[in-house]
Amino acid sequence: MTDVARDAFIDGRWAPGARRFTVRDPFDDALIAEVTAASEAQVDAAIEAATCAFPSWRATPGPERGRFLGQLAAAMLGAEARLAALCTRENGKPFKESVAEVRYAASFLSWFAGEAERAYGETIPASHPTQRITVVREPVGPCALITPWNFPYAMLTRKLGAALAAGCTVIAKPAEETPLGTLALAQLAHEIGLPAGVFNVVPTDDPERIAGRLLGSRAIRKISFTGSTAVGRIILRNAADDLKRVSLELGGNAPFVVLADADLDAAVAGAMIAKFRNSGQSCVAANRFILEEPIAEPFTRQLVAAIGQLVIGRGSDPGVDLGPLIDDASVRKVTRLVGDAIGKGARVVHGVPPDGSGRLVAPIVLDRITPDMAVWREEIFGPVVALRTASDQTDALAQANDTEYGLVAYVYTRDGRTQARFAEALEAGMVGVNEGLVSTAQAPFGGIKHSGLGREGSRHGLEDYTNLKYISKRI
Ligand code: NAD
């Protein structure tokens, strides 16, 4: 690909580096681009650019900042086919999912374009007659945004939209597998005339060193990270010395509970979305299916029939539903999880256990899952359906909450009181009731327990990039 941006983007300019790293197509390892590996001096330059641009960006009226975000959203949608093709190329997901991701990503920019006008403060009745209490929201300062490969556009815009709306400047560090989407967005930002230094990008294949440089800088006032829980812990620890604000969107282990009275068609349709989007490589992927006994057999039968319709192949080929996994380590992990489960007594209901060769992993359905199996405890990140039965609703709820993660939980039931009870009792930041896809720009996305800190999207997403300042005035 000769037409993609491939250098660091610092202070409104493309910045080639002395060293480059390769970005490859996960389907066949074909070379897509050689991208600048940002040096520490370039990271320092990006920090300097974001710091210098901050005073004028924060002073730019909210509605004007919002107009930039609206223009960037429009530019994304205008370049939808090109951006989607790039995403399919570097991430491997089916083209139709890439198109959906571009639209989803643009929706965060549109949402925060509006929120930029609504960073409201408050006035508070004081106890003394001559005191006036006002509270205003101020941007936290230059921010570092660290994003994963599984949704390269959306995981960036969820942060970028909120940060820019709040008046913060940013340095984005994309995942080494998928830096091209972030650079394409920087290109669009440049084209719409976003002021230099407001949005900088430092690609790298050495995230520990580059993130360390960002975390070590006093000028960076906030780190927003989306990725694994293991790396999230490192970020939190490293942010402690300088007491930086930290947002962490981490891993999940979502339960997908189907109760005996569920609408079977709706439950299967929801399961297909919740399990197979991005070949299961999603933080909100259904990881543990918990089926109340009377519905277990019909649900499994209908789910297997739906899975039988899925087409697996190269993401750019028409009609493909499942693309390759991102890399060989992911294939090895899924192979290990399936092998461990079968070794401990799981039964293969559909499919063939992966042998660890090739990036295309066909769906596999396992039942007789037990809690000692790794597939039950770990985030699968692949097209593996792990089924377990529950004797009743109490058992289903206990199983659902038996995890250290708490990002999202799904429950299917027709009964309104049961819906309310499960919605309250499920330990997760988000709950889908008769719903397999909860993500939307209007709602607060985020987890509890080991799934993270903070919220993205919604008005709460903006709050994560602002400090409250209380002003006491005597009259
Ligand atoms: P990852 O943690 O390996 O990498 C995420 C980012 O962190 C990348 O940019 C990577 O370069 C960087 N990184 C890696 N090591 C680092 C280090 N030592 N210091 C600083 N940065 C470092 O995760 P991944 O494999 O890219 O993504 C998959 C994970 O992300 C899954 O656990 C998934 O659940 C999670 N995720 C969570 C959400 C959410 O919103 N909660 C969304 C998408 C993905």
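Remember, it's 1-based here, ligands and their atoms both numbered in the order they're listed.
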Could you check whether [X] pairs with [Y] (Lys NZ or Arg NE/NH1/NH2 to Asp/Glu carboxylate O, under 4.0 Å)?
| X | Y | result |
| --- | --- | --- |
| D367 | R388 | no |
| D29 | R24 | no |
| E80 | R103 | yes |
| R221 | D242 | yes |
| D7 | R13 | no |

Is it the case that the ring center of W376 lies less than 6.0 angstrom away from the ring center of F289?
no
Suppose we call two aromatic rings close when their centres sit under 6.0 Å apart. Are Y153 and Y104 close by that rule?
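Judged by ring-centre distance (under 6.0 Å), Y153 and Y104 do not meet the cut-off.
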Which atoms of ligand 1 have any heavy atom of [X] under 4.0 Å away?
| X | value |
| --- | --- |
| F381 | 28 (C), 31 (C), 33 (C), 34 (O) |
| N150 | 43 (C), 44 (C) |
| I235 | 20 (C) |
| L407 | 41 (N) |
| C283 | 33 (C), 34 (O), 36 (N), 37 (C), 38 (C), 39 (C), 40 (O), 41 (N), 42 (C), 43 (C), 44 (C) |

I'd like to check V438 versus V408 (side-chain heavy atoms, cut-off strictly below 4.5 Å). Are they in contact?
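Counting from C-beta outward, V438 and V408 do come under 4.5 Å.
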Quick test of your reading of the structure: of [options], whose heavy atom lies closest to [atom]?
| atom | options | answer |
| --- | --- | --- |
| atom 40 (O) of ligand 1 | E456, E378, R158 | R158 |
| atom 21 (N) of ligand 1 | V231, I223, L145 | V231 |
| atom 23 (O) of ligand 1 | P207, S228, P179 | S228 |
| atom 20 (C) of ligand 1 | S451, S439, A211 | A211 |
| atom 35 (C) of ligand 1 | G227, A254, G251 | G227 |

Any nitrogen or oxygen of [X], side chain or backbone, less than 3.5 Å from one on ligand 1?
| X | value |
| --- | --- |
| E177 | no |
| K173 | yes |
| L250 | yes |
| E176 | yes |
| S282 | no |

Below 4.0 Å from any atom of ligand 1, is there a heavy atom belonging to F151?
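Under 4.0 Å: no for F151.
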Under 6.0 Å from the ring centre and within 45 degrees of the ring axis: does the NZ or CZ of K222 meet both conditions for the six-membered ring of Y465?
yes
Can you tell me if CD on E208 sees more than 12 non-hydrogen neighbours from other groups inside 6.0 Å?
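Counting neighbours around CD of E208, 12 or fewer heavy atoms of other residues, nucleotides or ligands fall under 6.0 Å, so no.
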Ignoring hydrogens, tell whether any protein atom lies closer than 4.0 Å to atom 4 (O) of ligand 1; use the non-hydrogen atoms only.
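So atom 4 (O) of ligand 1 lacks protein heavy-atom neighbours under 4.0 Å.
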